[in-house]
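Notes to accompany the following structure.
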Amino acid sequence: MAAVPAAVALFVTGCASAGESGGAEASAVLSDGMVNVVDGGEPVRGGGASFGSYSEPASLDPAVTITSVTTGGAEMVNIYDSLMRLDSDAQEFVPQMAAGLEHDADFRTWTLTLRDGVAFSNGKPVDAAAVKASQERYAAKPAPEAALWKDSVVGITTPDDKTVVYELNKTWAEFPGLLTTGPGMIVSTDSDGADGKFTPIGAGPFTLDKWSQAESMLLNANPSYWAGEPNLDTLTFVYLPSTTVGQETFFNGGIDATFVREPNEIQQALDRGVSGYMNLTAAANAAVINAAEGRPGADPRLRKAMQLAIDTDIINERAFGNTNKSTNMIFSEGSRWHTETPGPQVDVEEATRLVDAAKADGYDGQLEVIDASDPASLQTSLAVEAQLEAVGFDVQVNNLPTIGDQIRTIAAERDYDIAAWGLSFREADPYPKMFATMHSAGKQVYGMYTSPEMDALIEQVQTEPDADAKLQILDKIQQQVNKDAPYLVYGDFSDFIIWNANMHGILGSSNSLVLFGQAWKTN
């Protein structure tokens with residue numbers, strides 16, 4: 001198997017202190033990969049682990065749900081596993097459920113080899129036909145990455161039961177990354193019932209036992225898991241109202257692992273020396289602008305006014321007590337994808353002129369801002385409200401009670417004018433999420449403005465194998481974002497999945513996913 005480099009670069013960045021003042025200088029070095037993880041010795045059998053999720057998934061079908069840790073991806077990867085996995089320490093996409101993946105010289109023909117003895121939890125084999133059927137099903141559904149798959153994969157053949165060959169219509173050196181997420185989570189053909197009901201049947205280390213909506217999800221160990229029966233008997237995902245509650249519950253011993261992303265929470269975890277898995281995400285602290293007809297954002301003058309009105313330092317100071325993670329660039333300093341073109345400069349006078357011009361043409365000034373209800377989100381929305389009203393908008397803030405409400409309002413209903421959201425471009429390979437959120441064919445645009453010019457630039461990112469040349473394209477993308485204002489960037493975040501010292505053997509992957517198939521707990 002030819003291991004494919006994920007082009008992941010470790011970098012150093014600042015993070016706020018968790019002290020009462022909240023404004024101390026950075027004290028931690030952050031990088032993609034495992035943090036403070038020690039050898040746990042011989043695995044221990046038995047017991048259960050609990051994970052405080054960021055939000056409850058709307059579905060366990062990877063063909064309709066974003067397979068990120070923030071949207072149910074951790075639940076799904078432990079039910080389905082994935083063909084490939086991101087090994088951030090080795091800086092490679094490596095085989096997981098598959099045995100290997102090779103490519104031709106042009107990175108256009110990829111040959112996947114399957115392992116012997118891999119079966120779904122219902123006993124049926126995960127053979128080449130099952131992989132092809134699952135991926136064709138994925139492409140036919142409203143899957144988050146279905147458009148990207150259909151735009152790139154023009155053929156799937158199965159020469160034998162253990163071989164799947166993918167033919168691409170363009171060069172794509174990072175194609176293996178797509179097999180670490182939704183397309184790589186293989187769903188049994190028995191999952192779709194005759195009544196239209198979906199049953200999650202996968203080949204992962206756990207199976208669904210009970211889903212108590214808005215409370216928790218209980219998974220049981222899959223004794224026929226290809227890598228051996230899991231050490232843990234159960235894995236429970238607990239749905240808590242915020243990451244702050246999750247962290248407090250974790251430190252008080254109520255759960256074994258949880259997800260944090262706000263700078264103060266991360267610093268508090270690092271100060272305590274907890275173990276975990278970290279992924280650095282660009283433009284994760286952002287706001288999407290609805291450019292659908294009838295929305296204020298449909299007027300390019302008003303999108304530009306929003307962009308020119310926002311001072312990200314004010315937002316981050318209000319939300320986190322510091323400006324360490326503040327930036328209005330897509331990729332901040334320290335990222336290997338950081339470009340020369342700066343983000344847009346604040347210009348209150350010009351923003352006011354643009355709003356006044358729109359009002360002269362009949363705009364009533366009304367603008368709804370959507371955000372969550374945790375302390376940082378409340379402060380963020382107040383800062384955004386003040387800055388937008390200063391240039392002439394009449395702002396109504398709607399702080400939704402749960403992350404699930406926020407996801408439903410933005411992603412499903414698209415009932416917003418401007419809303420807090422995470423674009424979350426990954427260091428390993430920013431292209432898939434950029435296609436999903438910025439290309440006109442992307443499934444996570446959610447009403448944002450797109451253009452043929454941006455489409456062309458995004459497509460160039462995919463086919464350019466040289467990192468330096470890719471940086472030049474990303475610089476042009478920053479220029480296009482400055483011009484079009486499809487969204488606002490407030491800063492970047494780091495996804496940090498933390499676990500107790502008695503937890504061992506957890507594996508990380510793309511989109512901050514974590515696998516518990518080989519994990520165990522010591523006393």
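- Y138 and P62 get closest at one heavy-atom pair: CE1-O, 3.2 Å.
- Between W421 and the choices I370, I407, T437, the side chain to side chain contact (heavy atoms under 4.5 Å, CB included) rule is met once, by I407.
- Between the side chains of S68 and T70, at least one donor-acceptor pair of N or O atoms lies under 3.5 Å.
- Formation of a donor-acceptor pair under 3.5 Å by the T158 side chain with backbone atoms of D160 is not found in this model.
- For the residue pair D475 / T341, a side-chain donor-acceptor distance below 3.5 Å is found, with atom types taken as modelled.
- Rounding to the nearest 0.5 angstrom, the gap separating the OG1 atom in T236 from the NZ atom in K210 is 11.0 Å.
- Considering only heavy atoms from C-beta on, E427 comes within 4.5 Å of R336 through its side chain.
- Checked for salt-bridge contact, R408 and E413 meet the test: a charged N lies under 4.0 Å from a carboxylate O.
- With S335 contributing its side chain and W337 its backbone, the two residues share a donor-acceptor pair below 3.5 Å.
- A donor-acceptor pair is defined here as one N or O able to donate and one able to accept, closer than 3.5 Å; no such pair exists between the side chain of D106 and the backbone of R108.
- Salt-bridge annotation for D61 and R137: present, with a side-chain N of the basic residue lying under 4.0 Å from a carboxylate O of the acidic one.
- Residues H504 and V37 fail the side-chain proximity criterion, which asks for heavy atoms closer than 4.5 Å.
- Here D495 pairs with R426 in a salt bridge; the nearest charged N to carboxylate O distance falls below 4.0 Å.
- Looking only at distances, a side-chain donor or acceptor of D32 sits under 3.5 Å from a matching main-chain atom of L280.
- For N328 (side chain) and Q307 (main-chain N/O), no donor-acceptor pair under 3.5 Å exists by modelled atom type.
- Using a 3.5 Å distance cut-off with no hydrogens or angles, the side chains of D468 and Q472 do not pair a donor with an acceptor.
- Sparse packing is recorded around NZ of K483, with 12 or fewer heavy atoms of other residues, nucleotides or ligands lying under 6.0 Å away.
- Ion pairing of D256 with K521 is present here, as a side-chain N (NZ or NE/NH1/NH2) and a carboxylate O approach within less than 4.0 Å.
- Rounding to the nearest 0.5 Å places CD1 of I255 at 12.0 Å from OG of S216.
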**Prompt:** So R303 and D484, salt bridge (Lys or Arg N to Asp or Glu O under 4.0 Å) or not? Walk me through it.
**Reply:** CA-CA 8 Å; R303 295 198 310 273; D484 295 337; 5.4 Å; no
**Request:** Take D151 and K170 through the salt bridge (Lys or Arg N to Asp or Glu O under 4.0 Å) test and state the conclusion after the steps.
**Result:** CA-CA 9 Å; D151 183 66; K170 63 195 75 174; 2.8 Å; yes
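- Side-chain contact check for Q96 and D81: at least one donor-acceptor pair (N or O, by modelled atom type) lies under 3.5 Å.
- Using a distance-only test at 3.5 Å, with no hydrogens or angles considered, a donor-acceptor pair links the side chain of S373 to the main chain of L400.
- Looking only at side-chain heavy atoms (C-beta outward), S82 and M97 stay at 4.5 Å or farther from each other.
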**Message:** With side chain to side chain donor-acceptor pair (under 3.5 Å) as the criterion, how do T180 and S510 come out once you've worked through the C-alpha distance, each side chain's angles and the decisive distance to 0.1 Å?
**Reply:** CA-CA 6 Å; T180 67; S510 299; 2.8 Å; yes
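- How far CD of E145 is from NZ of K433: 9.0 Å, rounded to the nearest 0.5 Å.
- Taking every heavy atom of both residues into account, G72 and P57 meet most closely at CA-CB, 3.8 Å.
- Side-chain contact annotation: S424 with T281, donor-acceptor N/O pair under 3.5 Å absent.
- When each of V153, L178, L179 is paired with Q135, the side chain to side chain contact (heavy atoms under 4.5 Å, CB included) condition holds for L179 and for no other.
- Using cut-offs of 30° and 60° for the angle between ring planes, the F107 and W110 rings count as tilted.
- Under a 3.5 Å cut-off, the side chain of D209 and the backbone N or O of L218 do not form any donor-acceptor pair.
- One finds a salt bridge joining K470 and E174 here, because a Lys/Arg side-chain nitrogen approaches an Asp/Glu carboxylate oxygen to under 4.0 Å.
- N290 and D417 form no side-chain donor-acceptor contact under 3.5 Å, judged by distance and modelled atom types alone.
- Taking the six-membered ring where the residue is Trp, the centroids of Y166 and F175 are separated by under 6.0 Å.
- A heavy-atom distance below 4.5 Å is not found between the side chains of W172 and P465.
- Considering all non-hydrogen atoms of both residues, S494 and I266 come closest at O-CD1, 3.1 Å.
- Contact between N279 and S509 at its shortest, heavy atoms only, is OD1-O, 3.7 Å.
- Nearest heavy atoms, Y80 versus I186: CD2-O, 3.6 Å.
- Looking only at side-chain heavy atoms (C-beta outward), L232 and F206 come within less than 4.5 Å of each other.
- Scanning all heavy atoms of the two residues, the minimum distance from A257 to W499 falls at CB-CB, 3.8 Å.
- Residue E167 holds its CD atom at 7.5 Å from CG of D104, rounded to the nearest 0.5 Å.
- Under a 3.5 Å cut-off, the side chain of E464 and the backbone N or O of D466 do form a donor-acceptor pair.
- In this structure, CD1 in I201 is found 6.0 Å from OG in S121, a value given to the nearest 0.5 Å.
- The shortest distance between side-chain heavy atoms of Y54 and R261 falls below 4.5 Å.
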**Prompt:** Do L114 and V131 pass the side-chain contact (heavy atoms from CB on, under 4.5 Å) test, and can you show the C-alpha distance, the side-chain angles, and the key distance before you say yes or no?
**Reply:** CA-CA 9 Å; L114 300 176; V131 171; 4.0 Å; yes
**Request:** In sequence, state the C-alpha distance, the side-chain angles, and the governing distance for M185 and S134, and then conclude on side-chain contact (heavy atoms from CB on, under 4.5 Å).
**Result:** CA-CA 8 Å; M185 296 182 184; S134 179; over 6 Å; no
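- In the model, N511 has no side-chain atom that pairs as donor or acceptor with a side-chain atom of T181 under 3.5 Å.
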**Request:** Go through S152 and Q462 one step at a time and tell me if the side-chain contact (heavy atoms from CB on, under 4.5 Å) criterion holds.
**Result:** CA-CA 10 Å; S152 305; Q462 178 187 24; 2.8 Å; yes
**Asked** Which is it for L219 and L208 under the side-chain contact (heavy atoms from CB on, under 4.5 Å) test, yes or no, and what are the steps along the way?
**Response** CA-CA 5 Å; L219 306 184; L208 177 64; 3.9 Å; yes
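- Distance check, rounded to the nearest 0.5 Å: CE of M34 to OH of Y277 gives 6.5 Å.
- You'll find the side chain of V187 stays beyond 4.5 Å of the side chain of F120, heavy atoms only.
- Between I330 and F425 the shortest side-chain heavy-atom distance falls below 4.5 Å.
- Side-chain contact check for E56 and W211: at least one donor-acceptor pair (N or O, by modelled atom type) lies under 3.5 Å.
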**Request:** Take N222 and T207 through the test side chain to side chain donor-acceptor pair (under 3.5 Å) and record every step on the way to the result.
**Result:** CA-CA 6 Å; N222 177 8; T207 60; over 6 Å; no
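- Salt bridge R45/D233: absent, no basic N to carboxylate O contact under 4.0 Å.
- Ion pairing between a basic and an acidic side chain is recognised when a charged N comes within 4.0 Å of a carboxylate O; K132 and D127 show no such pairing.
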